[in-house]
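I have a structure here, written as structure tokens, and I will follow up with some questions on it.
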Amino acid sequence: MNRKHTIAILVNDQPGVLQRVSGLFGRRGFNIESITVGASEEPGLSRMVIVSTGDEHTLEQIQKQLYKIIDVIKVIDVGSNPMVARELGLIKVGAEPSARPEILGIVETFRAAVVDIGPNSMIVQVVGDSEKIDAMIELLKPYGIREMTRTGITAMNRGSR
């Protein structure tokens, strides 16, 4: 049965690693829903967090294949244990002065922030799980979303793991 998988991969910070890792997913027919890459707690190593959908067998095969990539240090199925996952969304919404109080009410409810205000628009920053960002987007749609970007999920296991 297909389900969502969140995988963290610790890799050497080298050119071409992202391409080799994403290529492996593509060759296996495993779609990447989101991918984030950034520095890790260890100098010289980066952490990739990939969210994908597939069955358990395919995930197992991908984990085995990832270890064959020389720059892959560690692969963790983050989604198999309790985790904290967050995403950042920036949403530019049409905001005539008369509509701003309503929009600010939505921003406050979601504990988001206005990070830019123009004459007829504002940029809202929201951080949380994907469902929270999806819900905020739905509420802002009536005002006219002019532009939007999302970072993709980054995650780690809870506790001392």
Query raised in the report: When rounded to the nearest 0.5 angstrom, what is the spacing between CD1 in Ile50 and OG1 in Thr36?
Result: 8.5 Å
Query raised in the report: Side chains of Arg146 and Asn120: does their closest heavy-atom pair fall under 4.5 Å?
Result: yes
Report task. Walk me through it: do Ile9 and Lys74 pass the test side-chain contact (heavy atoms from CB on, under 4.5 Å)? Result -> CA-CA 6 Å; Ile9 307 163; Lys74 190 173 185 181; over 6 Å; no
Report summary line: Tightest non-hydrogen contact, residues Ser34 and Gly152, listed as CB-CA, 3.7 Å
Query - More than 12 heavy atoms from other groups under 6.0 Å of CZ on Arg3 - result: yes
Query raised in the report: Any donor-acceptor pair under 3.5 Å linking the side chain of Asp116 with the backbone of Met122?
Result: no
Query raised in the report: Would a hydrophobic clustering, with Ile, Leu, Val, Met, Phe, Trp and Tyr connected at side-chain separations under 4.5 Å, put Val127 with Ile106?
Result: no
Query - Main-chain N/O of Lys92 paired with Ser121 side-chain donor or acceptor, under 3.5 Å - result: no
Query raised in the report: Considering only heavy atoms from C-beta outward, does the side chain of Ile137 approach that of Lys141 to under 4.5 Å?
Result: yes
Query raised in the report: If every non-hydrogen atom of Thr53 is compared with every non-hydrogen atom of Phe30, which pair is closest and at what distance?
Result: O-CE1, 3.4 Å
Query raised in the report: In terms of side-chain heavy atoms, does Glu102 have a donor or acceptor partner in Tyr143 at a distance below 3.5 Å?
Result: yes
Report task. To the nearest 0.5 Å, tell me how far Leu139 CG sits from Ile91 CD1. Result -> 10.0 Å
Requested in this report: May I ask you to say whether Asp13 pairs ionically with Arg47, meaning some side-chain N is under 4.0 Å from a carboxylate O?
Outcome: no
Query raised in the report: With no hydrogens and no angle check, is any side-chain donor or acceptor of His5 less than 3.5 Å from a backbone partner on Gly54?
Result: yes
Report summary line: Nearest heavy-atom contact between Ile153 and Val49 is O-CG1, 3.7 Å
Report task. Please step through side-chain contact (heavy atoms from CB on, under 4.5 Å) for the pair Val115 and Val124, ending with a clear verdict. Result -> CA-CA 6 Å; Val115 293; Val124 176; over 6 Å; no
Query raised in the report: Do the side chains of Arg28 and Gln65 get nearer than 4.5 Å, heavy atoms only?
Result: yes
Query raised in the report: So do the side chains of Ile32 and Ser22 get within less than 4.5 Å of each other, counting heavy atoms only?
Result: yes
Requested in this report: Establish whether Ile69 and Val75 are linked, either directly or via other cluster members, by ILVMFWY side-chain heavy-atom contacts under 4.5 Å.
Outcome: yes
Report task. Decide yes or no for Leu140 and Ile103: does some side-chain heavy atom of the first lie under 4.5 Å from some side-chain heavy atom of the second? Result -> yes
Requested in this report: Would you mind reporting whether Met48 and Val21 have side-chain heavy atoms less than 4.5 Å apart?
Outcome: yes
Report summary line: Interatomic distance, CG@Leu24 vs CZ@Arg27, rounded to 0.5 Å, equals 5.5 Å
**Report entry** Thr6 side-chain N/O to Val51 backbone N/O, donor-acceptor pair under 3.5 Å
**Finding:** no
Query - Between Ser130 and Glu87, a side-chain donor and acceptor under 3.5 Å - result: yes
Query raised in the report: What about Leu10 and Val84, same hydrophobic cluster or not, with Ile/Leu/Val/Met/Phe/Trp/Tyr joined at side-chain heavy-atom distances under 4.5 Å?
Result: no
Query raised in the report: Within the side chain of Thr149, is there an N or O that forms a donor-acceptor pair under 3.5 Å with the backbone of Leu90?
Result: no
Requested in this report: Could you tell me whether Arg86 and Asp129 make a salt bridge, using a distance below 4.0 angstrom between a side-chain N and a carboxylate O?
Outcome: no
Query raised in the report: If you round to the nearest 0.5 Å, how far is CG of Asn157 from CG of Asn81?
Result: 5.0 Å
**Report entry** Non-hydrogen side-chain atoms of Leu18 and Ile35 separated by less than 4.5 Å
**Finding:** yes
Query raised in the report: If you take all heavy atoms of Pro119 and Pro97, which pair is closest and at what distance?
Result: O-CD, 4.1 Å
Query - Same apolar cluster (I L V M F W Y, side chains within < 4.5 Å links), Val126/Val114 - result: yes
Requested in this report: Check whether more than 12 heavy atoms from other residues, nucleotides or ligands sit under 6.0 Å from atom CE of Met156, and answer yes or no.
Outcome: no
Query raised in the report: For the residue pair Gly128 and Ile133, what are the closest heavy atoms and their distance?
Result: O-CD1, 4.0 Å
Query raised in the report: Hey, are the side chains of Asp55 and Leu59 touching, using non-hydrogen atoms and a 4.5 Å cut-off?
Result: no
Report summary line: OG (Ser52) and CG (Asn31) are apart, to the nearest 0.5 Å, by 6.0 Å
**Report entry** Inter-residue atom distance Met83.CE - Ile76.CD1, 0.5 Å rounding
**Finding:** 13.0 Å
Report summary line: Note: Ile73 and Tyr67 closest approach over all heavy atoms is O-CE2, 3.8 Å
Query raised in the report: Does atom CD of Glu56 have more than 12 heavy-atom neighbours from other groups under 6.0 Å away?
Result: yes
Query raised in the report: Linking I/L/V/M/F/W/Y whenever any side-chain heavy atoms sit under 4.5 Å apart, do Phe110 and Ile123 land together?
Result: no
Query raised in the report: For Glu41, does the CD atom have more than 12 heavy-atom neighbours from other residues, nucleotides or ligands under 6.0 Å away?
Result: yes
